[in-house]
Amino acid sequence: MPFIRMHMSLVAGAALPALLVAYSVCAAWLPRYLVDPPAYDALYLTQYNESSPNSARFQVMDGRFSLHFSGENFGYGWPRLYRFSPAAGTLSEIPVTAPASLPVMPPYNRPVLPASEEKTTSVPIPELDGVRVDPSRVAPDGYVFTPGYEKRPSLLSRWLVSQRAYDLAVVEKYGYAVALPNPDREGANQSLRFAGWIVP
Amino acid sequence: MTVPSDILEQDKRRAIASMIEQMYVHDITLPELEEALKHAPQPAAVTDSHAAASTLIMRLAGIFMVTGIATYITLFWPDMNSMWRVLVTLGTGLLLHPLALKTLGHDRFVQASTPLLLAGMGMEMLGFFVMMKEIFPLAPDLRYGVMGIMAVLAVQEGILFLRHRLPVLLVAALFCCYGFVAVLLDVLGTNEDIVMIVLGMSLLLVAHGLAITRYAVLSEIGYGCGACALNSGLFGLTQGGPYEAVLLLSAGGGMVLGMRLRSTVLLMVSILTLLAYSSYFTATYFIHTVGWPFALVLLGVIYAGAAYYALQLRKRLKA
């Protein structure tokens with residue numbers, strides 16, 4: 001006790017970060033036990049690049065997810081579609097296959113057309129027939145989709161850790177966050193594109 | 001290389017001749033000289049020109065060796081494989097650190113121990129980071145690795161400090177501890193500005209605590225780093241909001257505290273914070289008005305007044 005009384009500043013200096021760590025641990029762990037897990041599955045795409053020509057673009061209208069391919073199929077521009085169930089923690093890939101009317105052609109056979117006359121082909125996805133999709137970022141149970149690039153890495157992390165740690169998209173509610181798995185994080189167009197929540 | 005004995009003998013004879021001449025000039029007798037020799041203080045250390053030259057050459061050799069390693073690493077880094085990269089960084093660190101510890105017991109190397117310890121610790125830490133990056137190049141989150149490295153080094157430096165009680169080892173241990181806590185809080189998702197504020201306050205308290213110990217020499221570093229972290233965190237948290245002026249209160253408080261604790265560094269950091277914030281504030285809100293140059297002139301007058309007041313206060317405190 002005399003040591004503590006004599007070195008009160010040192011003790012307070014050590015206690016301050018310890019208290020902040022304790023508070024942060026509570027803030028990070030308590031919501032796991034207090035907040036209900038997400039109830040709705042998330043639908044999202046990876047390797048999605050709608051700005052480039054000859055690529056697929058998705059649309060959610062009247063609760064229906066549809067995919068259209070704009071231009072010719074040169075074998076690239078195809079995204080990967082995933083359905084993630086946060087409650088079960090399972091990720092399943094929904095196959096996206098080119099229709100018979102859009103065969104792969106070598107780039108040198110490309111017809112010269114203005115962008116306005118590029119053909120658009122509908123890509124059927126049988127697994128999503130009859131599935132209702134809510135495109136808003138906020139799910140009916142209150143969970144919010146947050147893309148990774150919205151997070152700001154701290155000064156120390158910017159020095160010590162690569163930016164990849166912050167490209168992690170999550171769904172969160174009251175501090176409880178569930179990361180959306182992205183198997184294509186290391187490739188080009190690694191960011192994840194959220195399509196919506198699968199609702200009954 | 002040894003000096004021939006006949007040259008040393010010549011030097012000695014010349015010195016004796018000179019002393020005899022001085023004795024005649026000042027009328028000094030032999031008993032007087034004996035008496036003076038009895039009461040004359042012993043020289044602390046006999047330093048001859050050969051020893052000085054040897055020390056200089058040793059230092060130059062050290063500088064050349066460190067520069068050589070650094071240049072080699074810089075030039076050939078892209079051509080090295082993973083193992084070689086780890087070897088030149090961590091290997092150098094693991095070689096320098098024990099060497100520095102070995103010098104602690106010898107009075108001859110007392111000046112070399114601190115730079116060697118710093119270089120050894122720096123290279124060891126760098127080596128661990130390189131090893132982590134080379135072994136796990138695609139790891140999604142390296143922060144856990146950084147935390148592990150910081151924890152291991154904090155324990156290592158802490159144990160070394162408890163054994164040798166050197167200020168440089170205390171600085172190293174504190175640096176690793178604060179690094180560990182900062183990365184841990186980042187992993188837990190705590191706001192960066194709040195982390196800076198709390199760690200800054202903690203550093204100020206630790207520096208104040210150290211001021212009454214035998215490591216008082218470190219308190220100025222602590223005050224400087226603590227005030228910088230606290231003020232930058234406060235600025236980040238309040239920037240652009242209604243509570244932005246809190247930074248002025250913090251800087252003012254730092255100035256008062258700096259004068260009370262007689263800390264030049266704390267006073268300087270607080271004044272620089274005040275100056276930086278004033279510049280930022282006027283540049284943000286008054287840059288397109290004629291008032292901005294006038295505001296700058298006014299600020300100059302205020303700072304000149306503050307400097308004059310500080311001088312008067314210093315004179316009064318000295319008196």
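For the numbers below, each heavy atom of this structure counts, side chains included, while hydrogens, waters and symmetry mates do not. Within every chain, numbering begins at 1; the chains are lettered A, B, ... in the order of the sequence lines, protein sequences first and strands thereafter.
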Taking everything shown except [X] itself, do over 12 heavy atoms lie less than 6.0 Å from its [atom1]?
| X | atom1 | answer |
| --- | --- | --- |
| B/Trp84 | CH2 | no |
| A/Arg64 | CZ | no |
| B/Phe175 | CZ | no |
| B/Tyr280 | OH | yes |
| B/Tyr243 | OH | no |
| B/Met201 | CE | no |

(request) Using the ring pair (Phe, Tyr, Trp, His ring centres under 6.0 Å) rule, collect all pairs that involve residues 143-171 of chain B, keeping only residues at least two apart or in two chains. (result)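 Every ring pair (Phe, Tyr, Trp, His ring centres under 6.0 Å) pair that includes a residue of residues 143-171 of chain B, provided the two are not neighbours, is B/Phe161-B/Tyr215.
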(request) For B/Val206 and A/Gly13, work out which heavy atoms get closest and say how close. (result)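 Distance-wise, the nearest heavy atoms are CG2-CA, 3.9 Å.
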(message) With a strict 4.5 Å heavy-atom criterion, list every residue of residues 217-234 of chain B that contacts chain A, or say none.
(response)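 Residues qualifying by a heavy atom under 4.5 Å from chain A are absent, so none.
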(message) Does anything in residues 16-34 of chain A reach chain B? List residues with heavy atoms under 4.5 Å apart, or say none.
(response)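 Against chain B, the residues of residues 16-34 of chain A that fall inside the cut-off (heavy atoms, under 4.5 Å) are A/Leu16, A/Pro17, A/Leu20, A/Val21, A/Ser24, A/Val25, A/Ala28.
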(request) For A/Ser66, check side-chain hydrogen bond (donor to acceptor under 3.5 Å, both in side chains) against everything at least two apart and list the hits. (result)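 Per chain and number, A/Ser66 pairs via side-chain hydrogen bond (donor to acceptor under 3.5 Å, both in side chains) with no residue.
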(message) For B/Ile212, which atoms come within 4.5 Å of any heavy atom of chain A: side chain, backbone, both, or neither?
(response)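 Answer is side chain: those atoms of B/Ile212 sit under 4.5 Å from chain A.
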(request) Find the distance between NE2 (A/His7) and CG (B/Leu210) and round it off to the nearest 0.5 Å. (result)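 One gets 9.5 Å once the value is rounded to the nearest 0.5 Å.
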(message) So which residue, B/Ala211, B/Cys177, B/Ser202, B/Ala207, ends up with the most heavy-atom pairs under 4.5 Å with chain A?
(response)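 Of the candidates given, the most pairs with chain A belong to B/Ser202.
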